[in-house]
Protein chains: 4
Amino acid sequence: MTAAVPSASNDKRAAILDSALFLLANRGFHGFSIKRLAEGAGVAVGTIYLYFKDREDVINQLHGEIIRHVAGKVFVDHDTSLPLDEQYRRMVRNLWQFCVDNPETLYCKSQFDNLPPHLQRSQREDSHQIFEPLLVLYAKGREAGIIRDLSDDVLSGLAIEPCFFLVRQHLRGFIDITDEMRDTIIAASWRAISP
Amino acid sequence: MTAAVPSASNDKRAAILDSALFLLANRGFHGFSIKRLAEGAGVAVGTIYLYFKDREDVINQLHGEIIRHVAGKVFVDHDTSLPLDEQYRRMVRNLWQFCVDNPETLYCKSQFDNLPPHLQRSQREDSHQIFEPLLVLYAKGREAGIIRDLSDDVLSGLAIEPCFFLVRQHLRGFIDITDEMRDTIIAASWRAISP
Amino acid sequence: MTAAVPSASNDKRAAILDSALFLLANRGFHGFSIKRLAEGAGVAVGTIYLYFKDREDVINQLHGEIIRHVAGKVFVDHDTSLPLDEQYRRMVRNLWQFCVDNPETLYCKSQFDNLPPHLQRSQREDSHQIFEPLLVLYAKGREAGIIRDLSDDVLSGLAIEPCFFLVRQHLRGFIDITDEMRDTIIAASWRAISP
Amino acid sequence: MTAAVPSASNDKRAAILDSALFLLANRGFHGFSIKRLAEGAGVAVGTIYLYFKDREDVINQLHGEIIRHVAGKVFVDHDTSLPLDEQYRRMVRNLWQFCVDNPETLYCKSQFDNLPPHLQRSQREDSHQIFEPLLVLYAKGREAGIIRDLSDDVLSGLAIEPCFFLVRQHLRGFIDITDEMRDTIIAASWRAISP
DNA sequence: CATGAATGAGCTTTCATTCAT
DNA sequence: CATGAATGAAAGCTCATTCAT
């Protein structure tokens with residue numbers, strides 16, 4: 001996987017972003033302090049500022065990494081020759097698995113998505129580019145009449161968001177979801193956008 | 001002391017909670033400072049501590065108020081003699097309308113729901129009690145075979161959460177939802193939990 | 001002298017400005033830290049920010065106080081009915097005495113006056129207003145032909161600045177100036193601007 | 001090691017001192033950071049510490065260079081066979097010209113001269129040695145009765161300092177001084193120390 | 001010699017909480 | 001009950017200095 005040379009530089013930067021992921025997931029924006037960030041990364045406070053402009057920059061770059069990371073996993077076995085519902089099933093199962101494997105990333109994402117309007121980041125464009133295959137799927141589905149004629153955002157709200165929500169509840173231990181239930185849920189989410 | 005009359009005391013307490021709602025919705029937990037809270041409520045800083053133990057307590061009590069407020073509106077025209085799908089449609093439309101009428105309450109709720117695990121409040125029990133009519137509906141639906149055999153939480157995740165999510169996106173101006181689309185969405189959310 | 005009620009508020013503010021004067025005079029801008037400022041004033045760090053917007057504001061207000069303080073002393077026995085050279089002698093002797101009595105104020109002033117161009121404050125206008133009687137004296141002297149026909153600034157540079165410089169050297173212990181020498185110096189400074 | 005040849009070593013040292021001059025003149029002690037110093041000199045941060053013990057040492061050595069530089073220019077056409085007032089006129093005109101040609105050096109000097117007592121450098125001895133011809137002139141003048149019987153320091157304070165001050169004001173754009181005015185000012189400064 | 005990544009003490013500023021009035 | 005001046009811990013960030021390369 002990690003093909004590039006893991007230079008010392010990248011090690012520190014990566015350690016800081018790892019620490020940031022952990023911190024944001026577990027303590028939220030409020031608990032995300034530079035001191036804790038440095039401790040978690042095993043570096044001095046000043047070192048943070050060699051790799052990032054300021055606190056804001058750490059958070060922004062973390063957001064970018066998260067988006068790239070998740071997209072890389074979700075479309076790993078994407079195959080446009082399959083039936084649309086099967087494509088959808090694969091994507092969401094990958095997404096689900098990714099969340100289970102990387103709960104901290106999931107928690108971070110929901111922190112970003114629920115920032116108050118004031119602080120909202122310009123994340124939507126990034127997400128759109130990254131999740132393009134899903135948008136293509138929506139378009140084809142609408143054309144073929146097997147997906148309801150609703151906008152991309154509404155479709156995602158009906159289909160993908162419930163999955164995000166339920167994994168989160170699952171990972172938090174609020175509800176228990178077996179593999180079988182997971183498939184039922186994914187099927188249900190597909191049904192929500194079927195005509 | 002006197003139970004019935006809304007005393008001056010209660011006025012101050014209510015003013016503080018109102019200010020808290022506004023602040024949390026618009027500035028997030030980060031911008032939620034006692035000084036701003038006092039300013040918004042038109043009281044002195046010290047006064048906050050006469051009605052609440054500390055910052056945390058204000059937030060916790062705000063959460064309770066929100067839950068009670070929303071429940072009061074959602075079940076206002078609840079009628080168990082109607083068909084289940086019609087009962088569901090009424091509830092969700094009320095919920096939708098409530099969110100549109102009280103966007104700040106909605107923003108606050110999503111702030112609470114997405115707190116990192118560390119800070120998570122014991123909100124789930126409250127919610128359960130408050131939304132009891134919805135749970136009853138689920139139970140009847142499962143029994144009658146017109147709602148999938150999934151746990152209450154999963155059903156809510158598939159049906160209610162998408163609605164919350166989409167109103168939020170709508171109110172934030174990310175997507176535009178007409179009244180007609182709203183009904184389509186509510187119908188779709190029902191379909192997601194239909195067998 | 002101090003007619004106004006010395007309210008508690010003013011006490012703190014005055015204590016902070018006193019501490020600022022001492023600090024700036026003895027440690028310079030570099031040694032002027034908020035922590036030391038608070039220590040010197042006998043207040044907590046946060047208290048500074050109740051009376052001043054920020055570090056910059058403390059320094060600006062200190063500058064204003066200094067200007068007002070010195071002007072108040074220099075023209076205390078100003079009498080336009082006296083001959084110009086006697087008026088001049090009085091002013092400069094008062095100025096000299098003021099510097100001897102308030103060495104820290106003098107040190108501060110020279111810190112302000114020698115800031116690098118980048119940070120220069122808009123102090124010249126203030127000074128002009130405050131030292132108006134001196135400017136009037138210059139004007140009359142030029143008209144009467146007993147002061148050289150040079151601009152106000154040049155006259156001050158030739159006459160007043162040497163006095164400032166020499167008191168400073170004196171107070172620093174670099175040179176020793178007796179009262180008699182002082183009068184000789186003042187006379188010499190008048191001669192520098194005589195035709 | 002090798003004394004005569006201006007080795008590469010000396011180049012670096014000179015570059016650092018040049019950068020220091022620029023920095024101190026334009027940003028003051030506050031803006032004088034090692035990082036900026038290195039950038040300006042085109043060397044790495046660590047290199048500074050090969051040529052200087054620490055920040056303080058750079059500043060001290062800069063001070064020495066400045067004194068030497070100015071002295072070298074002031075006495076370039078010094079001629080003890082000329083009348084004393086002509087000797088004086090030459091020196092001060094050279095000094096004036098030097099300041100006009102090297103405003104940054106002038107700004108630096110005034111920074112040094114107005115340091116708070118705490119940080120004062122042992123500069124006075126240096127100055128004395130360097131400006132020896134001026135001191136000789138004072139001595140001869142006092143003996144001949146054409147310069148007032150005041151100490152060297154006082155004479156400099158009355159005669160030289162006003163010139164420094166006025167060039168500084170001129171270079172800062174606060175006042176405009178023509179060549180003719182300059183000569184008038186120099187004449188006035190001589191008159192201040194004439195009996 | 002020369003580098004610049006790494007350090008951590010120290011800076012300015014904010015803010016939850018207290019308490020004398 | 002109500003106030004708001006006062007506090008000091010903790011935040012984000014800078015920078016002189018060191019040292020492995």
Side-chain angles (χ1 to χ4, degrees), chain A residues 7-9 11-13 16 30-39 41-58, chain B residues 1 7-9 11-13 30-39 41-59, chain C residues 7-9 11-13 30-39 41-58, chain D residues 7-9 11-13 30-39 41-59:
Chain A
S7 73
S9 286
D11 280 1
K12 288 260 157 72
R13 183 176 176 278
I16 293 167
H30 181 73
F32 186 94
S33 84
I34 296 291
K35 194 158 172 278
R36 278 202 270 255
L37 181 61
E39 273 167 15
V43 299
V45 167
T47 305
I48 309 281
Y49 294 88
L50 295 177
Y51 296 92
F52 302 90
K53 190 180 158 290
D54 55 15
R55 185 184 189 270
E56 201 65 13
D57 190 33
V58 180
Chain B
M1 290 299 169
S7 67
S9 288
D11 283 358
K12 291 247 162 83
R13 184 178 175 277
H30 179 72
F32 186 95
S33 82
I34 297 290
K35 191 157 171 272
R36 276 204 269 256
L37 182 61
E39 270 168 19
V43 300
V45 167
T47 305
I48 308 280
Y49 291 86
L50 296 176
Y51 295 91
F52 302 90
K53 186 179 160 291
D54 56 15
R55 187 182 188 272
E56 201 72 351
D57 189 34
V58 180
I59 291 174
Chain C
S7 72
S9 286
D11 281 359
K12 288 260 157 71
R13 184 177 175 276
H30 180 73
F32 186 94
S33 83
I34 297 290
K35 194 158 170 276
R36 277 202 271 255
L37 182 61
E39 274 167 16
V43 301
V45 168
T47 305
I48 308 283
Y49 293 87
L50 294 177
Y51 295 92
F52 302 91
K53 192 181 155 291
D54 55 15
R55 186 185 189 271
E56 201 64 14
D57 190 33
V58 180
Chain D
S7 67
S9 289
D11 283 359
K12 291 249 161 81
R13 183 176 175 279
H30 179 74
F32 185 93
S33 83
I34 296 290
K35 190 156 173 272
R36 276 203 269 255
L37 182 61
E39 271 168 19
V43 301
V45 167
T47 305
I48 309 281
Y49 291 85
L50 296 175
Y51 295 92
F52 302 90
K53 186 178 159 292
D54 56 14
R55 187 183 188 270
E56 200 72 354
D57 190 33
V58 181
I59 290 173

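Proteins come first, then strands; the chains are lettered A, B, ... in the order of their sequence lines, and each starts at number 1.
- Residue C/Lys35 places no side-chain N or O under 4.0 Å from the OP1 or OP2 atom of E/dC11.
- At the heavy-atom level, C/Ser33 lies under 4.0 Å from the strands shown only through sugar-phosphate atoms.
- Distance check, rounded to the nearest 0.5 Å: CG of B/Leu37 to CZ of B/Phe32 gives 4.5 Å.
- Residues B/Gly42 and A/Thr47 both approach DNA chain F. Their nearest nucleotides, taken by heavy-atom distance, put B/Gly42 toward the 5′ side.
- Comparing A/Val45 and C/Phe32 along DNA chain E, the residue whose closest nucleotide (by nearest heavy atom) sits nearer the 5' end is A/Val45.
- Nucleotide F/dC15 holds its C1' atom 13 Å from the CG atom of D/Leu37, rounded to whole Å.
- Residues A/Leu50 and D/Ile48 each lie close to DNA chain E; by heavy-atom proximity, the contact nearer the 5' end of the strand is made by D/Ile48.
- E/dA9 and F/dT14 make up a base pair, with Watson-Crick or G-U wobble contacts both under 3.5 Å.
- Atom C1' of E/dC1 sits at a distance of 13 Å from the matching atom of F/dT21, rounded to the whole Å.
- When atom types are taken as modelled, the side chain of B/Arg13 and the backbone of B/Ile48 share no donor-acceptor pair closer than 3.5 angstrom.
- Of all the heavy atoms in A/Lys35 and A/Val45, the pair that sits closest is CA-CG2, 4.3 Å.
- Nearer to the 5' terminus of DNA chain F, by closest-nucleotide assignment, is the contact made by C/Gly46 (compared with the other of C/Gly46 and A/Arg55).
- Rounded to whole angstrom, the span from the CZ atom of C/Arg36 across to the C1' atom of E/dA9 amounts to 13 Å.
- Contacts of D/Phe52 with the nucleic acid, taken as non-hydrogen atoms under 4.0 Å apart, are absent.
- Contact check, D/Tyr51 against E/dA2: a side-chain N or O comes under 4.0 Å of OP1 or OP2.
- Between B/Arg13 atom CZ and F/dA2 atom C1' the separation is 18 Å, expressed in whole Å.
- Nucleotide F/dG8 forms a pair with E/dC15, judged by Watson-Crick or G-U wobble geometry with both contacts under 3.5 Å.
- In this structure E/dT3 sits in a base pair with F/dA20, meeting the Watson-Crick or G-U test at under 3.5 Å.
- Of the possible donor and acceptor atoms, none in the side chain of C/Arg55 sits under 3.5 Å from a partner among the backbone N and O of C/Ile34.
- Among the heavy atoms of the strands lying under 4.0 Å from A/Ile34 are primed sugar atoms or P, OP1, OP2 only; no base atom is included.
- Dashed line: the shortest gap from a side-chain N or O of D/Lys12 to OP1 or OP2 of E/dA2 is under 4.0 Å.
- When the P atom of F/dT14 is taken as reference, atom NE2 of C/His30 falls 16 Å away, rounded to whole Å.
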Legend entry - Pair D/Val58-D/Tyr51, side-chain contact (heavy atoms from CB on, under 4.5 Å): steps then yes or no: CA-CA 9 Å; D/Val58 181; D/Tyr51 295 92; over 6 Å; no
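- Separating the OH atom of C/Tyr49 from the C1' atom of F/dA10 is a distance of 14 Å, rounded to the nearest angstrom.
- In this entry the distance linking CG of A/Asp54 with C1' of F/dA11 reads 14 Å, nearest Å.
- Distance, A/Glu39 CD to E/dG8 C1': 13 Å, rounded to whole Å.
- Note that the CZ atom of B/Phe52 and the CD1 atom of B/Ile59 stand 11.0 Å from one another [nearest 0.5 Å].
- Whole-Å rounding puts the A/Asp11 CG to E/dA5 C1' distance at 13 Å.
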